[in-house]
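Order of appearance sets the numbers: ligands from 1, and atoms from 1 within every ligand.
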Amino acid sequence: MKFKNASVIGLGYIGLPTAAALATQKISVLGIDVNKQAVDTINKGEIHIVEPELDVAVQAAVTRGYLRASLQPKPADAFLLAVPTPFMDDHEPDLSYIKSAASSIAGVLEPGNLVILESTSPVGTTEKLSRWLAEERPDLTFPHIAGENSDIRVAHCPERVLPGQVMYELVHNDRVIGGITPKCTRAARSLYEIFVRGECVETDAKTAEMCKLTENAARDVNIAFANELSLICDRTDIDVWRLIELANRHPRINILQPGPGVGGHCIAVDPWFIISQSRNLTPLMQAARAINDQKPDWVVKKVNTSIEQIIQDQPQRAREDITIACFGLAFKADIDDLRESPAMDIALKLAAGHTGTVLGIEPNIEALPQKLENSQLKFESVEQALMTADVYVLLVDHKEFRRFNPTTAGKVTVDTRGIWQ
Ligand code: SAJ
């Protein structure tokens with residue numbers, strides 16, 4: 001299948017880089033988003049999210065006329081849906097963004113079009129997408145009913161890029177591509193081969209859906225193992241990071257790193273898409289979720305124990321005179337993303353429970369988000385925090401925090417990432 005143009009629905013952390021990657025290969029791309037500000041920003045050749053090298057790619061694509069953003073879909077050869085798939089309060093997946101994206105493109109579909117779901121989705125969602133489109137376009141045929149002879153091809157190709165390395169991984173990672181029929185798979189593959197240098201591996205839609213969920217669930221289970229080890233090692237006074245380093249010297253062992261908990265919108269979310277469809281078959285994944293979700297509370301307790309220790313050692317110290325500094329608020333190293341961050345959760349819990357000052361240090365942002373202005377957490381610079389803190393809590397292994405080590409200066413530290421060990 002040949003493509004002259006494509007439309008990407010959802011211009012966030014995945015959609016915008018994908019749109020730019022296609023546009024770089026001289027495919028004329030129309031990006032669609034419900035956020036007018038994002039649309040206006042992109043049309044100026046600028047970006048509304050933080051991701052290395054994305055600014056240059058978007059600016060070049062817009063300047064050369066290959067990328068444009070709009071609130072309204074238009075006909076195109078291919079449509080890529082890259083919208084969020086969060087979960088609801090009961091951990092059931094929320095597919096409403098996919099449904100409304102489907103609804104927004106249904107009216108402009110034409111025979112021969114390809115529709116690709118990129119969003120991480122529970123097994124069966126690609127077929128649901130095909131059904132939703134069919135309901136809105138009874139004049140067209142879709143692969144879940146018409147099979148290989150359908151007017152429209154529908155496939156799943158989950159994104160797998162790591163925030164912070166998106167532009168590189170988008171091009172170099174292998175892609176798993178699963179259509180509702182083999183013809184759908186091949187059509188999607190010919191689109192990705194335009195910009196992907198990794199291998200484009202063919203499968204069916206269900207396997208592709210499960211593959212993406214499996215990758216993130218595997219990472220969650222592995223991190224949970226590391227987090228469980230960190231609790232055991234804390235009690236037995238063993239350096240867990242050294243322990244893991246030594247164990248990983250075994251040629252068939254590769255344990256990940258413990259931390260303050262698992263954050264972001266993927267690893268802590270996607271296992272639920274498997275669990276919610278197979279509750280009785282997923283005790284391991286459920287245990288991993290529980291272990292990783294409980295880690296922030298364990299860290300809060302650990303900090304409180306350190307404060308007790310200071311007061312015990314220096315009875316003249318009042319609790320309200322003790323300053324806690326939380327180094328890092330983002331959900332992982334060297335990014336500015338505070339959403340679903342265990343570090344932020346810990347800092348806010350400490351701020352709410354401690355009678356003294358609690359400082360939040362995050363070199364990747366200018367100020368705390370407005371909604372936190374009334375919290376007890378005080379935004380502070382690294383330098384100022386280093387001068388005033390009594391308890392140093394390392395929550396994110398940002399490069400800025402590797403340049404000093406309060407442990408060597410005899411300070412009280414709670415290091416959840418092992419960089420000051
Ligand atoms: N974390 C640890 N210990 C580790 C690794 C990570 O505690 O050893 C924590 C991080 O600090 C963070 C969380 O896990 O809080 C998630 O970070 P991450 O770097 O593991 O993953 P994400 O969410 O940035 O991106 C993941 C990636 N998936 C895998 O590596 C299997 C990425 O490739 C996916 O594209 C992305 O999810 C996604 O969108 O699904």
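One option in Lys295, Glu340, Lys332 has a heavy atom closer to atom 10 (C) of ligand 1 than any other, and that option is Lys332.
Among protein heavy atoms, atom 39 (O) of ligand 1 sits closest to Glu159 OE2, 2.5 Å. Looking only at protein heavy atoms, the nearest one to atom 12 (C) of ligand 1 is Phe331 O, 3.3 Å. Looking only at protein heavy atoms, the nearest one to atom 31 (C) of ligand 1 is Asn216 OD1, 3.2 Å. Looking at atom 33 (O) of ligand 1, its nearest protein heavy atom turns out to be Arg160 O, 2.7 Å. Looking from atom 26 (C) of ligand 1 to the surrounding protein, the closest heavy atom is Ile267 CD1, 3.8 Å. Looking from atom 4 (C) of ligand 1 to the surrounding protein, the closest heavy atom is Gln257 O, 3.6 Å. Scanning all protein heavy atoms for the shortest distance to atom 13 (C) of ligand 1 gives Gly263 O, 3.5 Å. For atom 9 (C) of ligand 1, the closest heavy atom belonging to the protein is Ile223 CD1, 4.1 Å.
Taking the side chain as every heavy atom from C-beta outward, Arg417 and Leu395 never approach each other to under 4.5 Å. Between Val166 and Tyr13, every side-chain heavy-atom pair lies at or beyond the 4.5 Å cut-off.
With a heavy-atom cut-off of 4.0 Å, Gln165 does not touch ligand 1 at all. Using a 4.0 Å cut-off between heavy atoms, Arg219 contacts ligand 1 through its side chain alone, with no backbone atom that close. With a heavy-atom cut-off of 4.0 Å, Lys212 touches ligand 1 through its side chain alone.
In the model, Glu362 has a side-chain atom that pairs as donor or acceptor with a side-chain atom of Asn364 under 3.5 Å. If you check the side chains of Ser230 and Lys295, you find a donor sitting under 3.5 Å from an acceptor. Remark: the Asp77 side chain and the Asn113 side chain contain no N/O donor-acceptor pair separated by less than 3.5 Å. Counting only N and O atoms by type, the side chains of Asp415 and Thr413 include no donor and acceptor under 3.5 Å apart. A donor atom on one side chain and an acceptor atom on the other are not found under 3.5 Å apart for Asn35 and His48. A side-chain N or O of Thr207 and one of Asp204 form a donor-acceptor pair less than 3.5 Å apart. Between the side chains of Glu136 and Ser103, a donor-acceptor pair is found at a separation under 3.5 Å.
Ligand 1 places these atoms under 4.0 Å from at least one heavy atom of Val161: 32 (C), 33 (O), 34 (C), 35 (O), 36 (C). Those atoms of ligand 1 with a heavy atom of Arg417 less than 4.0 angstrom away are 7 (O), 11 (O). Atoms of ligand 1 found under 4.0 Å from any heavy atom of Cys266 (numbered from 1 in listed order, with element): 23 (O), 36 (C), 37 (O), 38 (C), 39 (O), 40 (O). Of all the atoms in ligand 1, the ones that sit under 4.0 Å from a non-hydrogen atom of Glu215 are 31 (C).
No donor-acceptor pair closer than 3.5 Å links the side chain of Thr125 to the backbone N or O of Ser121.
Looking at Pro163 next to ligand 1, no N or O pair under 3.5 Å apart turns up.
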Go through the steps for Tyr392 and Phe401 under the test ring pair (Phe, Tyr, Trp, His ring centres under 6.0 Å), then give the verdict.
CA-CA 11 Å; Tyr392 291 65; Phe401 304 153; over 10 Å; no
